[in-house]
There are 2 protein chains.
Amino acid sequence: MKNNCITCAFKSKSAETLDEDHLNHLSCNNAMVKFRKGNPIFTQGTFSTNVVYLRSGLAKIHITGPYHEQIVRIVKAPRYLGLPTTIGDKINQYSVTAISDVEVCFIDITAFRHLLKETEHFAFEIILDLCKDELESIRRCSNRTQKQTRGNIADVILEFADHIYESDTFNLPVSQADIGNLVDTSRESVSRILTEFHKDGILDMKGKKIEIINKKSLQLISQNG
Amino acid sequence: MKNNCITCAFKSKSAETLDEDHLNHLSCNNAMVKFRKGNPIFTQGTFSTNVVYLRSGLAKIHITGPYHEQIVRIVKAPRYLGLPTTIGDKINQYSVTAISDVEVCFIDITAFRHLLKETEHFAFEIILDLCKDELESIRRCSNRTQKQTRGNIADVILEFADHIYESDTFNLPVSQADIGNLVDTSRESVSRILTEFHKDGILDMKGKKIEIINKKSLQLISQNG
DNA sequence: TAAACGATGTGACATATCTCACATTTAGTA
DNA sequence: TACTAAATGTGAGATATGTCACATCGTTTA
């Protein structure tokens, strides 16, 4: 299914810099695909022949570590998925899986490189994106290894509320096991800490539905361990 | 002190793509500075007005985490230092300190951006660098959080031998405390594990001098925890 | 050369969190 | 609706590793 990038309402910041000709070129080398919640968008170890752009929805980036699968990050549209693994290597170095229903654009890598060469603004926006992602990776890794589990779990909750859903009430799109391997702890510890937060009146939980009641406390826990 | 990039023997892969005119432009906006071991090259929290290129020597990239300073990575020349923090943000998001005597080029950021715009090959090489660094960050973080301390310390030794010094005998350029905060453990644990390796006949230590005796074992420890 | 400081070795103890075990609840499907 | 599988709650015990304490060794500096 071909896509029309000119009229697309979910353009990336880099695509915003393109003129009509280049957007047309992008449209011609671009396939929009829908994935249902839970399905893999691309998989570690396979060939990467396309640049992937997440048009709508949520996805998790995960990597097979030395012992177990680890979630690196949970991301929301709009953003590119796996530029490092597509451009930096021919084989995907990590996997991306939809955690809500998503719309994804697969852009032919040759066409993408063509755009990088032709239009310096486009390339610069991509560089900016890469730089910000790398900073984020470093910051996250430093937090994750230094903080104790309570702090990391508080972070995850705050991340969902502040950056992903932009609301203090939301449905967790992932299991507790997922949260565990996002912050590198066991499923059981996540459960224990979540019920602890509940008992302390910090948040309300009904199944997957979470409501943050005492955000100050949560932020304090995030800061102090 | 102005630099002549045309005759420079330590050109980056990206600079290799430049023609004489552009190299001249680079030379004119470029200052080469030497730092002695232990001195900061740039510091987290300060303004970043230059792109920094490590021409020779070793450096550590470190960041102030929620609890303590953490070494993110130890890098060797030739490579850029802190592209993400220079391009992605105006304030340095991390620090870089020399761990041997080093030579560093400070490139004016405006001139650097100019090169990015003018020459698509240059920009593409930079994008490649950024992508590879990001992949490396993710891989490292996943390893560090999953492996046990013994495995991480084995990794550091192997990294020095295989990638930094390219020899199984070398002088450790950092203290055990540094290694501790590179792999997120205490100074005492590093000491204990290092003497353990020594007792097991895996390596020989005389002061800072390390000689790997049984590399196979070390690799096994790196893999299995 | 001494003194002072930083880096390192090593023991004892505390503790966060993992693992295993099983109960219980929720969701998905015939 | 009932049955099955997956997700979650919770206890008990094991353990890797942090912290504190102090001794020793090497290196810089006055």
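Because the structure is a prediction, the values reported are computed rather than measured. All values below were derived from every heavy atom in this structure, side-chain atoms included, with hydrogens, water molecules and symmetry-related copies excluded.
At the phosphate of C:dA16, neither OP1 nor OP2 sits under 4.0 Å from any side-chain N or O atom of A:T149.
Rounded to whole angstrom, the span from the CD atom of A:E188 across to the P atom of D:dG13 amounts to 17 Å. One can place CG of B:N181 at 12 Å from P of D:dT19, the figure rounded to the nearest angstrom. Between the CZ atom of B:R187 and the C1' atom of D:dA21 there is a distance of 11 Å, given to the nearest Å. When the C1' atom of C:dA23 is taken as reference, atom CZ of A:R192 falls 14 Å away, rounded to whole Å. Between the P atom of D:dG9 and the CG atom of A:L194 lies a distance of 7 Å, rounded to the nearest Å. One interatomic measurement links the two molecules: CG of B:D178 to P of C:dT8, which rounds to 9 Å at whole-angstrom precision. Straight-line distance from the CD1 atom of A:I193 to the C1' atom of D:dT10: 14 Å, rounded to whole Å. Between B:K208 atom NZ and D:dT27 atom P the separation is 10 Å, expressed in whole Å.
With C:dC18, C:dT8, D:dA7 as the choices, the nucleotide that has an atom nearest any side-chain atom of B:Q176 turns out to be C:dT8. With D:dA7, D:dG9, D:dG18 as the choices, the nucleotide that has an atom nearest any side-chain atom of B:S189 turns out to be D:dG18. Candidate nucleotides C:dT17, D:dT17, D:dT19 were compared by shortest atom distance to the side chain of B:S186, and D:dT19 ranks first. When the nucleotides C:dT10, C:dT19, D:dT17 are ranked by their closest atom to the side chain of B:Q148, D:dT17 comes out on top.
A:Y94 and A:G82 make their closest contact through OH-CA, 2.9 Å (heavy atoms, listed as atom of the first residue, atom of the second, distance). Across all their heavy atoms, A:G65 and B:S142 have their closest contact at CA-OG, 3.5 Å. Heavy-atom minimum distance, A:N181 versus A:I71: OD1-N, 2.8 Å.
A:S191 comes within 4.0 angstrom of a base, heavy atoms only.
When B:D168, B:I157, B:D155 are each tested for a side chain to side chain contact (heavy atoms under 4.5 Å, CB included) with B:L218, only one passes: B:I157.
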